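Protein chains get the first letters and strands the later ones, always in sequence-line order, with residue 1 at the start of each. Values in this document were obtained by computation on a predicted structure and should not be read as measured data.
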There are 2 protein chains.
Amino acid sequence: MLFEEERKRSIVQFVEQRTRASVQELSLQLGVSESTIRRDLKELEEARLLKRTHGGAVSLQSVNFEAAFPDKADRLLDEKQRIAAKAVQMIQEGDAILLDGGTTTLQIARALKSFSNLKVITNSIMALNELKDCRNIEVSITGGMLRPDTMAFVGPMTERSLEMVRVDKAFLGTNGLDLQEGITTPNMLEAATKRKMIAVAKQSILLADHSKIGQVSFCKVADLNEIDHCILDSAVQGSFTRGLEAMDVGFTIV
Amino acid sequence: MLFEEERKRSIVQFVEQRTRASVQELSLQLGVSESTIRRDLKELEEARLLKRTHGGAVSLQSVNFEAAFPDKADRLLDEKQRIAAKAVQMIQEGDAILLDGGTTTLQIARALKSFSNLKVITNSIMALNELKDCRNIEVSITGGMLRPDTMAFVGPMTERSLEMVRVDKAFLGTNGLDLQEGITTPNMLEAATKRKMIAVAKQSILLADHSKIGQVSFCKVADLNEIDHCILDSAVQGSFTRGLEAMDVGFTIV
DNA sequence: TCATTATTGATCGTTTGTGCTCATTTATGA
DNA sequence: TCATAAATGAGCACAAACGATCAATAATGA
């Protein structure tokens, strides 16, 4: 008969090895009752050594690759949705708006379907995908070269497309946001595209969760005072908001 | 029998791999009822791991614009593939080519992957979808408004994008092809886009299966003599080819 | 030895997952 | 446009799995 600790270790080993195990299997294998196995599994799950399922358990390793998938793995999804919700409040019926690529702006696209009269221009193929079935929203997309990681179009053709339009509001995402260095992104073409977006919008609204603040990326898009409004989540530092106030940049915290 | 977790992961994997899956397929593959698959799909959609459709699900990892109708439904697929194969023969390494929307030009995109140095510009999101993973092909897309039935971009923004480029060869599809009326399509914006394509290409190549010949649609794109070459299938009438000869338009029958 | 505590196994009411049916909705083709 | 077929979702029933509880057993210390 094994001691409790030994048994638990065996369970983890068994699950790791076969990536999965049922309660029955384990009960039989280790010569203890199913109740005991369930108790063990419960504790092992709390100790994050495996993941329980109905009927047994699976190894964490197999679960982890789920993190490779978009959105669900996005720990800041909740913040992004709140930011997007606030952004949507700023939109009025009849507006022409510009949606940048990125996951935060994608949340805006998702929330846009209830409008009945809207023109949307975007360089994000994900946003297009969300909106293409909406009869009451006129969706245009900029051309350009596809950046596979962001699923957004960038480059000279994108800028040329943007030159054709004037919009009421542009909603921009970013990688870095810093009081001194302003708005930065890792890609040169992307930076140029964002710059052009700011240029063709009457009002530029920057969306950023707290993970972006203080970050500085390779390419500068613009200084913070070129932006009309920022929407930030509540985890932002007071020093940053004071800086924004000093620069006279409007902001909303959600 | 798989646990619920494992099954869901399998579904996501399956959908990711094949970009789409039907409820039936999944039910059969995983050995559970269609009800269960539907329940799973519902939850997976809520978790944003895939997108449900009527009859199944599609991956949202990438650009998943489903074809207006599947290949199988295309009764002239064989002709179109032969026409596309001939078109590909006309392309040389290093060329910059322009691909129009439509199912025939889509077949060209599929056959293009073997080239190692090519620039492709297209207004077809289906073509983009085909080519986006090819490292050795630089793909750009024109902007514009999406026409849902052809999954191609049209409109002023498309034309503006096209103005930026000069290509060696443009491959155009059409709805109607007539000796007197020339090339015609049912949509005004589409016609304008095609005209612009002809304008920016050194050489314009028209692709048409025999079902298009003699058809006259609402909007004129161009006269036949503005085209440099036609690729037709073997079911074309002799009277038509004699007409082409008389107009001094080159053509190939496949 | 006895009392105490921890661990285990058995019981049982509850929850969960699954498949089936059927009315409703949705696509598709005439 | 309407008719038809397919797909869907809600509801129900059944079985498996679960968790709470309690009794039995084993380990521990006085």
Determine whether any donor atom in the side chain of A/R39 lies under 3.5 Å from an acceptor atom in the base of C/dG9, or the reverse, and answer yes or no.
-> yes
Using a cut-off of strictly less than 4.0 Å, decide whether B/S33 has a side-chain nitrogen or oxygen near OP1 or OP2 of C/dT18.
-> no
Using a 4.0 Å heavy-atom cut-off across all strands, classify B/T36 as base, sugar-phosphate, or nothing.
-> sugar-phosphate
Of all the choices, C/dA10, C/dT18, D/dT8, which nucleotide is nearest to the side chain of B/H54 once you look at every atom?
-> D/dT8
For atom CD of A/E43 and atom P of D/dC18, their distance in whole Å | 16 Å
A/Q13 atom CD, over 12 foreign heavy atoms within 6.0 Å | no
Please check the phosphate of D/dG9 (OP1 and OP2 only) for any side-chain N or O of B/R52 closer than 4.0 Å.
-> yes
OP1, OP2 of C/dT8 versus side-chain N and O of A/R7: anything below 4.0 Å?
-> yes
note: B/E34, atom CD; D/dA10, atom P; distance rounded to Å ~ 17 Å
Take atom CD1 of B/I11 and atom C1' of C/dT18, then tell me their distance rounded to the nearest Å.
-> 13 Å
Specify the separation, in whole Å, of atom CG of A/D40 and atom P of C/dA6.
-> 17 Å
Would you kindly give the CD-to-P distance between B/E46 and D/dG9, to the nearest whole Å?
-> 11 Å
Expected output: side-chain B/S217 to main-chain B/N175 donor-acceptor under 3.5 Å = no
Roughly, in whole Å, what's the span from NZ in A/K8 to P in C/dA6?
-> 14 Å
note: B/Q24, atom CD; D/dA5, atom C1'; distance rounded to Å ~ 13 Å
Ignoring the backbone of B/K42, work out which of D/dA10, D/dA7, C/dG9 is nearest its side chain.
-> D/dA10
Answer yes if the side chains of B/S161 and B/T158 hold a donor-acceptor pair under 3.5 Å, and no otherwise.
-> no
Polar side-chain atom of B/D223 near backbone of B/E226 as donor-acceptor pair, under 3.5 Å = no
Length of the line joining A/R38:CZ and C/dT14:P, which is rounded to integer Å = 17 Å
Are there more than 12 heavy atoms of other residues, nucleotides or ligands under 6.0 Å from atom CD of B/E43?
-> yes
Given D/dT8, C/dG19, C/dG9, which nucleotide is nearest the side-chain atoms of B/V23?
-> D/dT8
Looking across every strand, which nucleic acid part, if any, lies under 4.0 Å from B/S22 by heavy atom: base, sugar-phosphate, or nothing?
-> nothing
